[in-house]
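The structure appears below as structure tokens.
A, B, ... follow the sequence lines: proteins, then strands. Residue 1 opens every chain.
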Amino acid sequence: MLEIQRIRSEKELIIEGLKKRHFDATSIIDELLSTDEKWRIYKTEMENVASQMNQFSKEIGILFKEGKQAEANVLKAQTAELKTKEADLKERVDAFDEQITNLMYQLPNVPNELVKAGKSEEDNETVEEHGSAPEFGFKPMPHWEIADKFRLIDFELGVKITGAGFPIYRGKGAKLQRALISFFLDEASEAGYEEHLPPHVVNEASGFGTGQLPDKEGQMYYIQEDDLYLIPTAEVPLTNMYRNVLLPNEDFSIKITGYTPCFRREAGSYGKDVRGLNRLHQFDKVEIVRVEHPSNSEKALNEMLDHVKGLLEKLGLQYRILRLCGGDTGFAAAMTYDFEVYSAAQEKWLEVSSVSRFDTFQSTRLKLRFKNADKKSQLCHTLNGSALALPRIVAALLENHQTEDGVNIPEVLHKYTGFKTI
RNA sequence: GGAGAAUUGGCAGAGUGGUCGAAUGCACUGGUCUUGAAAACCAGCGUACCGCAAGGUACCGGGGGUUCGAAUCCCUCAUUCUCCGCCA
């Protein structure tokens, strides 16, 4: 959510910025500002009435104490009138309030100055590319065939017990999964991120805090009986730990990590894009999250990018980094870098990480602030990134490191897997 | 799941219908004193919104209600604790 103060003072800049998303904010902002103006007028009026009522109440109390019943009753009668007036004003103020909130929820974050205008993924810029595609002396298999051949992942069995998009990993497939999680968590710990194991379901307030609600409601699994949501990413519980938090000073840099399964309904997805591990309803991911002083968030973002690069290099995967264009940048993000690994057998790029800075967009909703040098509370910046999401990493590892009779496991994983080849 | 008790400022803890945004203590900040420190003393010390300001409004777990007036009474939800039941 953007800050209303910012919309009041930087209207034009915001409208200009949002154009990079091909989002025309003019009418929303105009309506917002005029509603905000009315809200303030009525609110001031309401508070004046409330103030007078409070005054009368005090006087009535004093009169009663002095035994002046008659005079007190006169004042009581007068208050009744004010009360109706106040109730009426409150109703209007509340209505404006709700209208403002609804409008605010419609405004996405303003893209960072580095972000180029663009409509879709075709306009994303490739900023870096590392490694090269492996050479095979044979026709490489797609990962679902490898998984089948070596009994690593059973997609059909998952369908039987749950449904499509819920594969069962087994044998070396399951162990590889566990190895990757441990490897990613250890790497994150080494980089200074404190490990957490958060709940995998969250309440509604948390969904709003990080911005999944209200705009992505249909993407989350919802448990009606308890009014809880299955998390689509560890970002939700991890970042919401800092909901309604006021950090005592400006000397902070919070780095946290956690592994969770992620649940996504992915309604409407079908076809070859969802083949194998390419898109699942449940998958594993290690997330890194940071809460930073505004002046440090650029540095933090770069550190996160370096961290993810390191992981991919240690796994020996060819990858590229894209800076998403305005139109492809998520609703809440100011800037997002996607990491994609090359899938040798599918001959396409697979997204394995998304690293974003949100500036104050999440902290506004979260009410996540710190005391600055002037003892004023100021909004923190939040960032997060996948480090990493497993399924497509597994797909790329199987495909890119396959040999004629098996798969080579990258050396960094040996101590976790206990085997070097599949 | 059943029964009971509780929820007040950073912490502890008063307050059961009126001038209470809330006593007191601790913690914290500034000052006096001191060679320095401690102690003592003085002062300050929650958050948010509106306003140039003066000031105003709201907040005593959340929401709703009664009343001229609610931290205080009522309803409801949540959480915590105790006991019982169930259980990995």
Side-chain angles (χ1 to χ4, degrees), chain A residues 1-9 32-105 197-209 213 222-229 237 240-252 261 360 362-380:
Chain A
M1 205 155 66
L2 300 173
E3 296 140 89
I4 185 74
Q5 294 88 341
R6 185 168 161 211
I7 296 175
R8 282 182 203 143
S9 60
L32 202 45
L33 290 177
S34 77
T35 311
D36 177 55
E37 180 125 13
K38 282 184 265 182
W39 174 80
R40 274 186 293 178
I41 290 168
Y42 280 95
K43 181 158 183 178
T44 307
E45 176 70 13
M46 183 185 86
E47 289 185 348
N48 287 340
V49 174
S51 171
Q52 196 162 19
M53 276 170 56
N54 289 342
Q55 188 55 41
F56 279 5
S57 293
K58 271 185 194 172
E59 285 172 24
I60 289 169
I62 292 165
L63 288 171
F64 267 121
K65 235 174 213 169
E66 294 171 347
K68 297 174 180 168
Q69 302 280 338
E71 288 175 49
N73 285 331
V74 172
L75 268 186
K76 265 200 196 183
Q78 286 182 17
T79 316
E81 202 178 310
L82 288 176
K83 210 178 171 180
T84 332
K85 200 169 166 187
E86 200 228 4
D88 179 52
L89 286 165
K90 185 173 190 304
E91 204 170 299
R92 286 163 180 260
V93 171
D94 288 348
F96 287 136
D97 220 357
E98 198 186 326
Q99 199 180 343
I100 289 169
T101 308
N102 286 338
L103 289 165
M104 293 291 269
Y105 278 144
L197 205 165
H200 301 166
V201 275
V202 293
N203 58 28
E204 190 182 33
S206 295
F208 273 96
L213 294 173
Y222 174 58
I223 304 164
Q224 194 164 24
E225 196 170 1
D226 297 294
D227 198 19
L228 295 170
Y229 295 85
N240 271 283
M241 298 196 304
Y242 289 89
R243 173 153 46 86
N244 266 320
V245 166
L246 179 59
L247 300 167
N249 56 56
E250 56 181 4
D251 180 27
F252 65 93
T360 59
Q362 288 184 326
S363 56
T364 310
R365 289 195 194 186
L366 290 164
K367 293 196 172 61
L368 165 53
R369 296 157 301 163
F370 65 95
K371 283 270 191 200
N372 65 20
D374 301 328
K375 299 277 178 202
K376 292 256 169 59
S377 35
Q378 197 179 328
L379 292 164
C380 302

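For A:Q5, whose side chain is taken as the heavy atoms from C-beta onward, the closest listed nucleotide among B:C49, B:U19, B:A48 is B:C49. Of the candidate nucleotides B:G69, B:U47, B:U19, B:U47 has the atom lying nearest to any side-chain atom of A:K371. Taking every side-chain heavy atom of A:R8 into account, B:C50 is the closest of B:C68, B:U19, B:C50. Distance from the side chain of A:T44 is smallest for B:C50 among the nucleotides B:C50, B:U47, B:G69. For A:W39, the side-chain atoms get nearest to B:C50 when compared with the rest of B:U19, B:A48, B:C50.
A distance-only check finds a donor-acceptor pair linking the side chain of A:T101 to the backbone of A:D97 [under 3.5 Å]. No donor-acceptor pair under 3.5 Å is formed between the side chain of A:D226 and the backbone N or O of A:L228. A:T79 places no side-chain N or O within donor-acceptor distance of the main-chain N or O of A:M53, the cut-off being under 3.5 Å. For A:S51 (side chain) and A:E47 (main-chain N/O), no donor-acceptor pair under 3.5 Å exists by modelled atom type. For A:R243 (side chain) and A:K367 (main-chain N/O), no donor-acceptor pair under 3.5 Å exists by modelled atom type.
Sorted by first then second residue, the salt bridge (charged side-chain N to carboxylate O under 4.0 Å, His left out) pairs that include residues 58-69 of chain A, not counting sequence neighbours, are A:E66-A:K68.
Distance check on atom P: B:U24 versus B:C83 gives 38 Å, rounded to whole Å. Nucleotides B:A27 and B:C77 have their C1' atoms positioned 34 Å apart, rounded to a whole Å. Nucleotides B:A40 and B:U47 have their C1' atoms positioned 33 Å apart, rounded to a whole Å. Spacing of C1' atoms, B:A48 relative to B:A43, comes out at 26 Å, to the nearest Å. B:G10 and B:A23 have their P atoms separated by 14 Å, with the value rounded to a whole Å. Across the C1' atoms, B:G44 and B:U34 are found 23 Å apart, a figure rounded to whole Å. B:G13 and B:U8 have their P atoms separated by 9 Å, with the value rounded to a whole Å. Rounded to the nearest Å, the gap between the C1' atom of B:A70 and that of B:C20 is 11 Å.
Going from atom CD of A:Q78 over to atom P of B:G69 covers 14 Å, rounded to whole Å. Rounded to an integer number of Å, the gap from CG of A:N73 to C1' of B:G69 is 14 Å. For the pair A:N249 CG and B:U29 P, the interatomic distance rounds to 13 Å; values are reported in whole Å. At whole-Å resolution of the value, NZ in A:K376 and P in B:C49 are 12 Å apart. Straight-line distance from the CZ atom of A:F370 to the C1' atom of B:U47: 17 Å, rounded to whole Å. Between the CD1 atom of A:I62 and the P atom of B:C68 there is a distance of 18 Å, given to the nearest Å. Between A:N244 atom CG and B:G46 atom P the separation is 19 Å, expressed in whole Å. In this structure, the CG atom of A:L368 is 15 Å from the C1' atom of B:U47, given to the nearest Å.
Across all strands shown, B:A70 forms no Watson-Crick or G-U wobble pair with both distances under 3.5 Å. B:U32 is paired with B:A40 under the criterion used here, namely a Watson-Crick or G-U wobble arrangement in which both key atom distances are under 3.5 Å. Of all nucleotides present, none satisfies the Watson-Crick or G-U wobble test against B:G21 with each distance under 3.5 Å. Applying the Watson-Crick and G-U wobble criteria (two distances, each under 3.5 Å), B:C49 pairs with B:G56. Using the Watson-Crick or G-U wobble rule with both distances under 3.5 Å, B:G4 pairs with B:C81. Here B:U16 sits opposite no nucleotide as a Watson-Crick or G-U wobble pair (both hydrogen-bonding atom distances under 3.5 Å).
In this structure, A:E81 reaches neither bases nor backbone, as no heavy-atom distance under 4.0 Å exists between it and the strands shown. A:K367 comes within 4.0 angstrom of nothing in the nucleic acid, heavy atoms only. Residue contacts for A:T79: at a heavy-atom cut-off of 4.0 Å it reaches the sugar-phosphate backbone alone, with no base atom in range. Residue A:L75 is classed as having no contact, given no heavy-atom separation below 4.0 Å to the nucleic acid.
Side-chain contact of A:E250 with A:N372: a donor-acceptor pair under 3.5 Å is absent, judged by distance alone. A donor-acceptor contact closer than 3.5 angstrom is absent between the side chains of A:S363 and A:R369. A:D227 and A:Y222 are linked by a side-chain donor-acceptor pair at a separation below 3.5 angstrom, with hydrogens and angles left out of the test.
Ranked by how close their nearest RNA chain B nucleotide is to the 5' end, A:F56 and A:R369 are led by A:R369. Heavy-atom distances to RNA chain B give each of A:M53 and A:I4 a nearest nucleotide, and the one nearer the 5′ end belongs to A:I4.
The structure places CG of A:L103 at 12.0 Å from CE of A:M1, a figure rounded to the nearest 0.5 Å.
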Sub-3.5 Å pairs of nitrogen or oxygen atoms, protein against nucleotides 75-78 of chain B:
none

Go through it in stages, so that I can follow the logic: the residues are A:S57 and A:N54, the test is side-chain hydrogen bond (donor to acceptor under 3.5 Å, both in side chains), and I'd like the CA-CA distance, side-chain angles, deciding distance and then a yes or no.
CA-CA 5 Å; A:S57 293; A:N54 289 342; 5.4 Å; no
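Of the side-chain N and O atoms in A:R40, none sit less than 4.0 angstrom from OP1 or OP2 of B:C49.
Tested against A:V93 for a side-chain contact (heavy atoms from CB on, under 4.5 Å), the candidates A:M46, A:K38, A:E45 yield a single pass: A:M46.
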5' to 3', nucleotides 56-65 of chain B under a 4.0 Å protein heavy-atom cut-off (B base, S sugar-phosphate only, - none) gives BBS-------
